[in-house]
Engineer: 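Please see the structure below; I have some questions.
Just so it is clear, the model here is predicted, and its values are computed rather than measured.
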Amino acid sequence: MLTWIHHLLSSTYCRLAAEILFSVSFKLRPKPVKMALRFVVFVCALAAVLAAPVQRCETQICKLFMGLDANSNGVIEASDMLRYLFSLTDRVGPTSDEQIAGLLADLDKDTNGVVTMDDFVGSFPRLNKLLVSGTAPEMVHLSFDNEYTPRVVVMWVTGENTSTSTVQYGTSPSALTQSFAGNTHTYTAGGWKGTIHEAHLPLLPAASRFYYRVGDEKGGWSAVFNFVTPPATGTAPNPLIFGLFGDMGTAIPLGYKVCEQMESDHKTLPFNALLHVGDIAYASVAMTAEEVPHEAKGDGEVELVWDLWEEQVEPLAANIPYLTGVGNHERFYNFSAYLNRFENPAPWGGRPDKLEEAVFWFGLDYGLVHFVFMSTEHPSTPGSPQYTWIEADLARVDRTRTPWVVLTGHRPMYSSDSSEWDSHRPGAQFQRDIEPLMLKYNVDMYVCGHMHMYERVHPVRNGTVVQTGNVYRNPGAPLHVVQGTSGVFQDVKYIDPQPQWSAVREGKLGYGRMHVFNTTHVHYEFMYMQSNKAVDSFWLIK
């Protein structure tokens, strides 16, 4: 009976009646009748409030919406975006308002001028999942664990422990006839809860496609994914295609859009591997990582954002080996999320509670290319452990097998962005330390991010340009590419006039695509997100 009365009083009819009665009560003269009617109005209104459904927030994207809605008014506004994206006024670029307006318009699905919870959730169907729970595999991704004979590593997450951590694989999606057992670990920084599974597959035949799924019989299985193993070092049966980028983020700002762009491109020009050069999920985007020392307790990082990011990239990373360099936004909780959620070739790895022993650099042979991932977040001065390792690694490169050498790091050596200018101009410490090694060992290219822009830097020696144009033939000095364009807002402010070594600079979103055709020809292009066309490209010819 009470339940029936509750539903009646909280119904649309009751609310409508309350409005009518309230207006009628003003025309009634007998005070008792007037007061009685107003009491009915009050009861109806109170019942409606009590019966209104409490907005439960049990999905990842819902949690992010509530975090963005700073004043809890149920909508995301430009001020919310600014608060979330830029903690320091000098990081707000000249086109920030325009970019935020475009993003809000894209999210406003019902075009009513505001971004509601429904708009937001509807924009990210892949991320509208329950918070990490249960035993179903999520966040599946691939990497490698060996520099010279790379073996495939498969990682995934479950909310709870499972009986086994199994990868079933084979050469047909309907015949996953082989299995391999992995192990598990976890971390608790930021209050994160879950189980991370990690399986290092045996060395598989080169240049071969395999299908796989992860999980176990009791806990459940993932979908079936696939990957292609690297070609034998020193060979390239087909042109090799690598995606290179930094500074992505998640649903906010536009990392998800660049991911969609790469997913689409992978269908027509499949990637061999993806190289993310730092600033991965922007779980710390509400404040700059430089404000927090290495030993910090992690103020400002939200582990949920890491979960969102891994769900976002799963269509890519579960099918394409995804290598992750470190950036300044991975510092929080002593790099806990970065060191626990990923795997890279040795000597990379370590424990956050023994940070002084952790290693953040590694190399990889892939076909005709030797990649070197350095950490610009750790000392690289001559005599430092990292510098010593980089020189030894470059000295070991066999140019008859891997004629192309690409160095990556997060921060630029040359960039005409005015922010942090003294750190990436000719004569800056980083350039003085590392450029001599690049010249000594004939490194072909340095690819980085950090500055939220694209910039191509002509082959250069200590600030002096050695070759111009967009077809470089035996330049004798490395090219530099700043590719901090894979989702974070473009907040660049340029040095004026443009330095001679700066060939092209663009404040646009997208990613870099490098084609290695053979031992003599490499082609690089910056694929713009909005048009999905190259807005800049160049050839490197030996």
Side-chain angles (χ1 to χ4, degrees), residues 144 147-150 205-209 227-245 261-262 264-277 316 319-323 363-373 394 397-408 438 441-448 454 456-459 466-483 485 503-504 510-528 532-542:
F144 296 120
E147 180 171 3
Y148 300 110
T149 53
S208 301
R209 185 175 298 277
F227 61 85
V228 176
T229 55
T233 301
T235 68
N238 300 298
L240 303 173
I241 301 177
F242 301 98
L244 299 101
F245 47 88
Q261 176 193 13
M262 289 190 283
S264 176
D265 288 354
H266 182 60
K267 295 173 183 177
T268 54
L269 286 173
F271 296 104
N272 291 88
L274 299 173
L275 287 69
H276 195 148
V277 296
L316 292 166
N319 297 289
I320 311 163
Y322 198 112
L323 296 153
L364 175 72
D365 277 351
Y366 196 109
L368 298 174
V369 187
H370 182 73
F371 292 102
V372 180
F373 281 70
L394 290 173
V397 174
D398 182 351
R399 300 305 280 260
T400 65
R401 303 183 71 207
T402 52
W404 300 102
V405 176
V406 177
L407 175 66
T408 77
M438 298 171 70
Y441 293 101
N442 300 310
V443 171
D444 297 294
M445 192 185 309
Y446 177 66
V447 181
C448 62
Y454 167 80
R456 169 162 56 97
V457 174
H458 289 306
V466 300
Q467 205 171 117
T468 60
N470 63 357
V471 178
Y472 303 106
R473 299 177 183 273
N474 298 313
L479 289 89
H480 294 252
V481 176
V482 181
Q483 194 74 67
T485 59
V504 176
Y511 72 95
R513 184 163 67 188
M514 184 173 75
H515 302 251
V516 180
F517 288 96
N518 48 42
T519 60
T520 59
H521 286 71
V522 163
H523 185 243
Y524 191 103
E525 51 194 346
F526 170 34
M527 302 301 298
Y528 178 37
N532 204 28
K533 295 180 180 178
V535 293
D536 183 49
S537 64
F538 61 88
W539 285 91
L540 182 55
I541 301 173
K542 294 187 178 183

Engineer: Where do L244 and F242 come nearest, in terms of heavy atoms and distance?
Structural biologist: CD1-O, 3.6 Å
Engineer: Side chains of P321 and F144, heavy atoms from C-beta outward: is any pair under 4.5 Å?
Structural biologist: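 Sidechains of F144 and P321: in contact.
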Engineer: As an exercise, state the distance from CE of M445 to OG1 of T408, rounded to the nearest 0.5 Å.
Structural biologist: 12.0 Å
Engineer: Between atom CZ of F373 and atom CG of L275, what is the distance when rounded to the nearest 0.5 Å?
Structural biologist: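 Rounded to the nearest 0.5 Å, the CZ-CG separation comes out at 3.5 Å.
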Engineer: What is the distance from atom CE of M262 to atom CG of L274, rounded to the nearest 0.5 Å?
Structural biologist: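 Reported value, rounded in 0.5 Å steps: 6.0 Å.
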Engineer: At their closest point, which heavy atom of V277 faces which heavy atom of V447, and how far apart are they?
Structural biologist: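 What the structure gives for the nearest pair is CG1-O, 4.1 Å.
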Engineer: Between Q467 and P459, what is the shortest heavy-atom contact and its length?
Structural biologist: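 Smallest interatomic distance, heavy atoms only, reads O-CD, 3.5 Å.
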Engineer: What is the distance from atom CG of N474 to atom CG of L540, rounded to the nearest 0.5 Å?
Structural biologist: 8.5 Å
Engineer: Is it true that atom CZ of R473 has more than 12 heavy atoms of other residues, nucleotides or ligands lying nearer than 6.0 Å?
Structural biologist: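 For R473, atom CZ is not crowded (no more than 12 foreign heavy atoms under 6.0 Å).
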Engineer: Quick one: side-chain hydrogen bond (donor to acceptor under 3.5 Å, both in side chains) partners of H276, sequence neighbours excluded?
Structural biologist: Y322
Engineer: Taking the side chain as everything from C-beta on, heavy atoms only, tell me whether F538 gets closer than 4.5 Å to V481.
Structural biologist: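 Yes - at least one pair of side-chain heavy atoms lies under 4.5 Å apart.
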Engineer: So, using ring pair (Phe, Tyr, Trp, His ring centres under 6.0 Å) as the criterion, who are the partners of H458 when residues are at least two apart?
Structural biologist: Y472
Engineer: Does the distance from a Lys or Arg side-chain N to an Asp or Glu carboxylate O, for D444 and K542, drop under 4.0 Å?
Structural biologist: yes
Engineer: Using only atom types and a distance under 3.5 Å, with no angle test, would you say the side chain of E525 pairs donor to acceptor with the backbone of K533?
Structural biologist: no
Engineer: With side chains defined as the heavy atoms from C-beta onward, is the minimum distance between L368 and T519 less than 4.5 Å?
Structural biologist: yes
Engineer: Give me the atom names and distance for the closest heavy-atom approach of T229 to A206.
Structural biologist: OG1-C, 3.3 Å
Engineer: Do the rings of W539 and H523 sit parallel, tilted or perpendicular, given the 30° and 60° boundaries?
Structural biologist: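 Taking H523 first and then W539, their aromatic rings sit tilted (interplane angle of 30° to 60°).
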Engineer: Quick one: CG on L407 to OH on Y441, what's the gap to the nearest 0.5 Å?
Structural biologist: 13.5 Å
Engineer: What's the shortest heavy-atom distance between P231 and L240, and which atoms?
Structural biologist: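 Residues P231 and L240, closest heavy atoms: CG-CD2, 4.0 Å.
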Engineer: Hey, could you give me the CH2/NE2 distance between W404 and H521, rounded to the nearest 0.5 Å?
Structural biologist: 8.0 Å
Engineer: Which atoms form the tightest heavy-atom contact between M527 and N532, and what is the distance?
Structural biologist: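 Heavy atoms only, the tightest pair is CE-O, 3.4 Å.
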Engineer: Can you check whether N442's main-chain N or O pairs, donor with acceptor, with R399's side chain at less than 3.5 Å?
Structural biologist: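 Looks like yes, one N/O pair under 3.5 Å.
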Engineer: Evaluate side-chain contact (heavy atoms from CB on, under 4.5 Å) for T233 paired with T402, printing each intermediate quantity in order.
Structural biologist: CA-CA 7 Å; T233 301; T402 52; 3.8 Å; yes
Engineer: Pick out which of F245, F526, Y454, F271 makes a ring pair (Phe, Tyr, Trp, His ring centres under 6.0 Å) with Y511.
Structural biologist: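 Exactly one option meets the ring pair (Phe, Tyr, Trp, His ring centres under 6.0 Å) with Y511, and it is F271.
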